[in-house]
K.L.:
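Input: one structure, supplied below.
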Amino acid sequence: MKVLKFGGTSVGSVENMAHVKDIINDGVPKIVVLSAMSGTTNTLVSIAQTIASGKTAAAIDRINELEGHYLKTVDALLHNSVLNDQTKIYVQERFKGLKDLCTQMYSKDVENTILAQGELLSTYMFNNYLNQEGISSTLLPALDFMRIDTANEPDLPVIKSAFENEFKNVEPATIYITQGFICLNHENKISNLQRGGSDYTATIIGAVIQAEEVQIWTDIDGMHNNDPRCVEGTHPIANLSFDEAAELAYFGAKILHPQTVLPVRADAIPVRLKNTMDPSAYGTLISDTTSENGVKAIAAKDGITAIKIKSGRMLQAHGFLKRVFEIFEVYETSIDMITTSEVAVSLTIDDTKNLDKILAELEKFATIEVDQNQSIVCLVGHAIVNHNETYRLFQILRDVKIRMISYGGSNNNISLLINTTDKVGTLQKLNDYVFALAAV
Ligand code: ASP
Ligand code: MG
């Protein structure tokens, strides 16, 4: 069986839902994972923030506005009066729940419950739409099987047995629809797999059922060789290995949730990226086959903070890095890039929640410099570190101020740290130097 995930744009309008219906309606049994309609999760985040800041009346206004939008969508989607009524009742229930949450003590659990509504709404509406169109489909509620553990990681053994149980007990259908993103945590409270987490839901289910393939359907024709939002003339990459895709997803290619390939990599279950708006386009196939060497793609991740830690005592002293890393570990902050010299170490983080506390600890034994608004530009390709054309990327040093460079950490990745203001120019230049030459 295949698992097909459709993102927010794919279910973002009645017209696009009809495209999704056409794509999945081939009579072959499948599991379909849906995101919230595009824009909904962002709106829910801002509603949650409004509630958190005590502006209840403003929050209720926004909830009513969103409810109006959903009721209109139901009318446009469902002309069958029984299904229309049933769906409107469901929509009204969800929004009543949201309004009730406005008056509760605000907490992380309240926030997570608010954020979960988008996927509950989109799947309910879409399932009824398929039923209206005479397609055999049923809902598999994600909250009945998707679990994260105390470390907020998917609890695969629990998910597997709960999923199998759920699957046995629902009414058999050709299409099984479930919510992406949402789950329960170890306390059985509603939680989620982080923003963009529907991709992760799809590969977790893919691993649990040992799917033949997982397909991620978005509004772009696969993973591009450079960021199409800021560079002209990018093109989709036909084939990527799991390692290459993992590096790209982690370092900025927004098309995939960073953890997407982890659950399926060990079993080599292929992940195919496809475009709902252009289903015949090949897209990108992520699998365990590695193709040609050399730079395959460039991605950039913004919002990076660089920390330079300088200490006279570092000179020929062992245990210095351990001391530094322990501080980051205590404050649960992961380090992305790291470079060292004999007297200093520079590293980057993207989560600055505990930055002040980290700096206070570091300042006890070192001099610190912090640079904010940095971007990591990451070049990915099988064995690029050994490839004889890779030197061309250093032409970039003529034109751009590079704050850090990481080469050889893995054979498939070279990362540069630059000011975010230089990002677009750097991506364009790398495109010109690296891909233009590769094409000669
Ligand atoms: N709806 C969630 C988000 O916007 C999850 C997803 O779309 O993948 O982040
Ligand atoms: Mg996404």
Side-chain angles (χ1 to χ4, degrees), residues 3-13 16-17 20 31-49 62 66 69-70 73 94 98 108 111-126 141-143 146 148 152 154 177-185 190-206 214-224 227-229 236 240 245-246 248-264 271-277 283-284 286 299 301-303 350:
V3 180
L4 282 72
K5 176 259 169 176
F6 291 87
T9 316
S10 304
V11 292
S13 66
N16 288 352
M17 286 193 209
V20 175
I31 292 173
V32 171
V33 177
L34 299 183
S35 290
M37 294 180 79
S38 53
T40 296
T41 311
N42 285 343
T43 305
L44 293 170
V45 168
S46 99
I47 288 171
Q49 284 161 352
R62 309 255 349 236
L66 190 63
H69 168 71
Y70 271 87
T73 309
R94 308 270 27 122
L98 275 177
K108 188 77 191 160
E111 179 189 316
N112 285 341
T113 308
I114 295 172
L115 261 54
Q117 302 309 311
E119 274 70 13
L120 293 169
L121 287 162
S122 64
T123 47
Y124 193 92
M125 288 161 61
F126 189 73
L143 297 180
M146 198 53 86
I148 48 175
N152 292 332
I177 298 174
T178 190
Q179 297 84 18
F181 178 59
I182 64 175
C183 60
L184 293 187
N185 64 17
I190 295 182
S191 188
N192 61 62
L193 302 173
Q194 308 297 324
R195 294 302 307 273
S198 297
D199 301 335
Y200 202 17
T201 302
T203 50
I204 293 168
I205 296 176
V214 176
Q215 298 181 352
I216 310 276
W217 289 78
T218 64
D219 52 1
I220 179 166
D221 47 359
M223 187 97 91
H224 276 227
D227 191 337
R229 290 163 305 177
L240 281 172
L248 281 171
Y250 187 70
F251 285 111
K254 284 279 175 320
I255 180 172
L256 277 188
H257 180 281
Q259 264 110 297
T260 306
V261 298
L262 293 185
V264 288
V271 178
R272 203 181 276 281
L273 312 183
K274 295 283 288 176
N275 186 355
T276 305
M277 313 309 149
T284 297
I286 303 167
K301 183 173 172 182
D302 296 336
D350 68 351

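In listed order, ligands and their atoms are each counted from 1. If you read the sequence from its start, that first residue is 1, and numbering goes on from there.
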K.L.:
For ligand 1, what is the set of protein residues having any non-hydrogen atom at a distance below 4.0 Å?
P.N.:
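Within 4.0 Å of ligand 1, protein side: Ser35, Ala36, Thr41, Glu119, Phe181, Arg195, Gly196, Gly197, Ser198.
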K.L.:
Please answer whether the main-chain N or O of Ala299 pairs with a side-chain N or O of Asp227 as donor and acceptor at a distance below 3.5 Å.
P.N.:
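No: the side chain of Asp227 does not pair with the backbone of Ala299.
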K.L.:
Among residues at least two apart in sequence or on other chains, which ones pass side-chain contact (heavy atoms from CB on, under 4.5 Å) with Asn16?
P.N.:
Thr9, Ser13, His19, Met277
K.L.:
With rounding to the nearest 0.5 angstrom, report the CD to CD1 distance, Gln117 to Ile47.
P.N.:
10.0 Å
K.L.:
Once side-chain contact (heavy atoms from CB on, under 4.5 Å) is applied, do any residues pair with Asn42, and if so which ones, sequence neighbours excluded?
P.N.:
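Result, side-chain contact (heavy atoms from CB on, under 4.5 Å) vs Asn42: Arg195.
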K.L.:
When Leu256 is tested against each of Ile216, Thr284, Thr203 for side chain to side chain contact (heavy atoms under 4.5 Å, CB included), which residue passes?
P.N.:
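So the option named by the test is Ile216.
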K.L.:
Run the side-chain donor-acceptor check on residues 118-126: report pairs under 3.5 Å with partners two or more places apart or on a different chain.
P.N.:
| from | atom 1 | to | atom 2 | distance (Å) |
| --- | --- | --- | --- | --- |
| Glu119 | OE2 | Ala36 | N | 2.9 |
| Ser122 | OG | Ser35 | O | 2.8 |
| Ser122 | OG | Gly118 | O | 3.4 |
| Ser122 | OG | Glu119 | O | 3.3 |
| Thr123 | OG1 | Glu119 | O | 2.7 |
| Thr123 | OG1 | Leu120 | O | 3.2 |
| Thr123 | OG1 | Gln179 | NE2 | 3.0 |

